[in-house]
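Data first, discussion second: the structure below is written as structure tokens.
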Amino acid sequence: MKKIFIALLVTATFTACDIDRLPHGSMDSQTIVGDPDASLEALLNGMYAQLKAWSDPMHRMGEYAGDNMMIRGSSTDAFYEFLSYARTPNNYRLTQMWDSGYKAIAQASNIIDMIDEGQSAEIDNKIGESYYVRGMMYFYLTRAFGRPYYQNPETNLGVPIVNGTPDDVLNMNFDDRATVKESYEQAINDLKKAESLLTLDKTSIYASKEAAQAMLSRIYLYMSGTYTAPNTEYAQLAVDYSNKVINSGKYSLLPRAQFMKYNTFIPENNAETIFAIKRVASEYSGFDHYYGVGGMYANLGGMGWGEMYASAKYIDLLNETGRNDWREDSYNLVDARAAFIMPTYSKDANTGNYTEVFRFVKEDGPNNLNYVQANITRSGGAITAKEGDNTYTLTAIDANQETYSIVYKDGKTYSGVIDDYITLNRVYPQFYITKASLEGEESHLHSPVISRLGEVYLNRAEAYVKLGNYSDALIDLNTIRERSIVNGGYTTLDADNAGARIDKERQLELAYQAERSYDVFRNGKELTRHYPGPHNQFDDISATDYRVVYYIPQDAINSYPGTLTQNPTQ
């Protein structure tokens, strides 16, 4: 009898007793065929459950390798390799992402193989959900372990295509990794099939037709080449699938005030969320919230490590159109996305008041940048800042926004802001990040967002640019930009500035959603992280660097029934 296994097929080692005993959450083919609707519900729940384990390393791999955040110091945790670009194949978080991804693929494939289409709209929809998850997993795995699409996709390796449990599990022999092109084709075919089967309206914690279309808009964008060498065929398809989502009318951009609380809404009640991986508080017990994604970004109500902060680069980007002021007595956010940043202002223990400082980033020796928070003194119209035995007079850049410059002791001029003192962790001000926390106001509860309408508008804007349609690109770009920055829209967009402006808006909008590093490299750009932190601050990563892709987990290679080729080591 053919069995349905919810185990990771490509890394599992089977024994004779395994064949006679089904893993937890599995069932045999007679049970499924006899009552497919009821059986499908249980199997789908198991499939979605795999996404919860997968989403944690997926986030860390995508976000930590970018330039939106910094860490207070080096760490023995395996995730530090993602941030430091010290790539190794023996990393348990890599293995978790790989294993959970292929478990979801296995579960989805077995549902697809065992259930006949055409029995009812409900059953077809559930099969469609399986195609969506499988296609999404192939895309995410390929972008992590395969090179950017514009770099020889016909020969560069993607991931193994393993769809379903073989009949003879004792003599499995799987093919090596497919090419990047073949891996993308698998994802696209699955998502198009999902699009055709998903006809029912369900909440955003389940796959939907629009979720498949949103993912296709992103995949085709990844295939659309670079700004200097675009692939217009794929750019047009990115536009087409973005149109389907936007024109469906099922989703709407949150107004500015609501958007600033995006992270606090449960996904089912968020009009902008297209698909999110649902998490609930009961999945955590007490201090387990420390180990969620948000736990590294902040300590909220005594919960969380709070060891990773918004980078100075990201803070500068938020302040580009006007200073965001988080101080309690002068709170004013120019960019709505600054609402997801929470500095830890500290009152003086003796006076109970906040201490005013001039904060700026200085060069602290060769190839090293660091923060300074120098106490200030006001005397009439003059403002001085004191660091150690040195006193400096500040020169106004914009006195209304309290931005100033300083001629420092090294002879260089730096710019910064007058602000209240922010608590240091080691030597770094704590700019907490809350975008992955506070769902339902519950500490670090967070349902990872896979697709939302804001991204789809930006997908279409970039695709329009690659098609040379700057007028429509400008409309979409400003739709997102003006939601966050009142009257902050651009008046023009052209070949000289379009790429930089689109990329900047994607960085601002999609920060802390695991997109940034992939967005940089897929467009052939270089990742620069010239800001304070223990990382190698001036080790710029080019899109052709071998470290852009992750190694295949060594555990997967060791247990793979067949040849599984490793990525190059240099």
Side-chain angles (χ1 to χ4, degrees), residues 68 204 210 213-214 217-218 221 238-239 242-267 269-276 310 314-326 331-342 433-436 438-439 447 449-465 469-493 497-516 519:
N68 296 324
S204 58
E210 291 74 26
Q213 293 164 343
S217 82
R218 189 195 299 174
L221 191 69
V239 169
S242 298
N243 286 340
K244 290 183 178 183
V245 178
I246 294 168
N247 296 338
S248 73
K250 293 185 178 179
Y251 309 94
S252 58
L253 295 174
L254 296 183
R256 187 180 194 271
Q258 285 187 288
F259 175 65
M260 294 168 79
K261 301 177 182 178
Y262 195 104
N263 56 309
T264 68
F265 301 136
I266 63 173
N269 293 342
N270 193 322
E272 189 168 332
T273 300
I274 299 170
F275 179 66
Y314 189 70
I315 297 295
D316 285 347
L317 204 60
L318 287 171
N319 288 333
E320 190 177 77
T321 53
R323 187 256 180 97
N324 293 282
D325 193 340
W326 289 280
Y331 189 81
N332 178 51
L333 299 187
V334 175
D335 192 319
R337 285 140 328 185
F340 306 121
I341 309 300
M342 187 177 73
I433 300 158
T434 61
K435 200 173 187 181
L438 294 173
E439 183 176 313
S447 295
V449 177
I450 299 299
S451 293
R452 63 181 175 90
L453 190 61
E455 181 212 345
V456 177
Y457 273 101
L458 291 173
N459 291 350
R460 191 169 70 175
E462 182 180 328
Y464 276 142
V465 166
N469 183 348
Y470 297 108
S471 58
D472 284 339
L474 179 61
I475 293 170
D476 281 344
L477 178 61
N478 281 343
T479 295
I480 298 304
R481 188 166 179 79
E482 291 175 349
R483 190 253 299 264
S484 286
I485 306 172
V486 178
N487 299 320
Y490 296 113
T491 57
T492 61
L493 202 65
N497 61 30
R501 288 180 173 180
I502 294 287
D503 289 350
K504 178 171 64 178
E505 211 60 34
R506 285 188 74 91
Q507 182 173 7
L508 283 165
E509 185 74 11
L510 304 180
Y512 317 115
Q513 290 180 218
E515 300 296 322
R516 174 59 179 166
D519 275 345

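From a predicted model like this one, the values you see are computed outputs, not experimental measurements. Computed from heavy atoms alone, side chains included, the values below leave out hydrogens, waters and symmetry copies. FYI, the numbering just counts along the sequence from 1.
- Looking at Lys250, its side chain never comes within 3.5 Å of a backbone N or O of Glu210 through a donor-acceptor pair.
- You'll find the side chain of Gln507 stays beyond 4.5 Å of the side chain of Asp519, heavy atoms only.
- Between the side chain of Arg481 and the main chain of Gly489, no donor-acceptor pair closer than 3.5 Å is present.
- Taking 4.5 Å as the limit, some side-chain heavy atom of Leu254 sits within range of a side-chain heavy atom of Phe265.
- Formation of a donor-acceptor pair under 3.5 Å by the Arg483 side chain with backbone atoms of Pro255 is not found in this model.
- Using a distance-only test at 3.5 Å, with no hydrogens or angles considered, no donor-acceptor pair links the side chain of Glu272 to the main chain of Leu453.
- A salt bridge is absent between Arg218 and Glu462: the closest approach of a Lys/Arg side-chain nitrogen to an acidic carboxylate oxygen does not fall below 4.0 angstrom.
- The side-chain tip of Arg452 points at the ring of Tyr262 from less than 6.0 angstrom away and within 45° of straight on.
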Trace of the side chain to side chain donor-acceptor pair (under 3.5 Å) decision for Glu439 with Thr264: CA-CA 4 Å; Glu439 183 176 313; Thr264 68; over 6 Å; no
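- Residue-environment remark: NZ (Lys244) exceeds the threshold of 12 foreign heavy atoms within 6.0 Å.
- Under the 4.5 Å side-chain criterion, counting only non-hydrogen atoms from C-beta, Thr273 is not in contact with Tyr251.
- Looking at Arg501 and Leu493, their side chains come closer than 4.5 Å, going by heavy atoms from C-beta outward.
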Working for salt bridge (charged side-chain N to carboxylate O under 4.0 Å, His left out), residues Glu455 and Arg460: CA-CA 9 Å; Glu455 181 212 345; Arg460 191 169 70 175; over 6 Å; no
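- The main-chain N or O of Leu508 is found under 3.5 Å from a side-chain atom of Tyr314 such that the two form a donor-acceptor pair.
- Side-chain N or O atoms of Asn324 include one that pairs as donor or acceptor with a backbone N or O of Leu318 at under 3.5 Å.
- Lys504 and Glu320 are joined by a salt bridge, as a carboxylate oxygen and a charged side-chain nitrogen come within less than 4.0 angstrom of each other.
- A ring pair (Phe, Tyr, Trp, His ring centres under 6.0 Å) with Phe340 is found for exactly one of Trp326, Phe259, Tyr512, namely Phe259.
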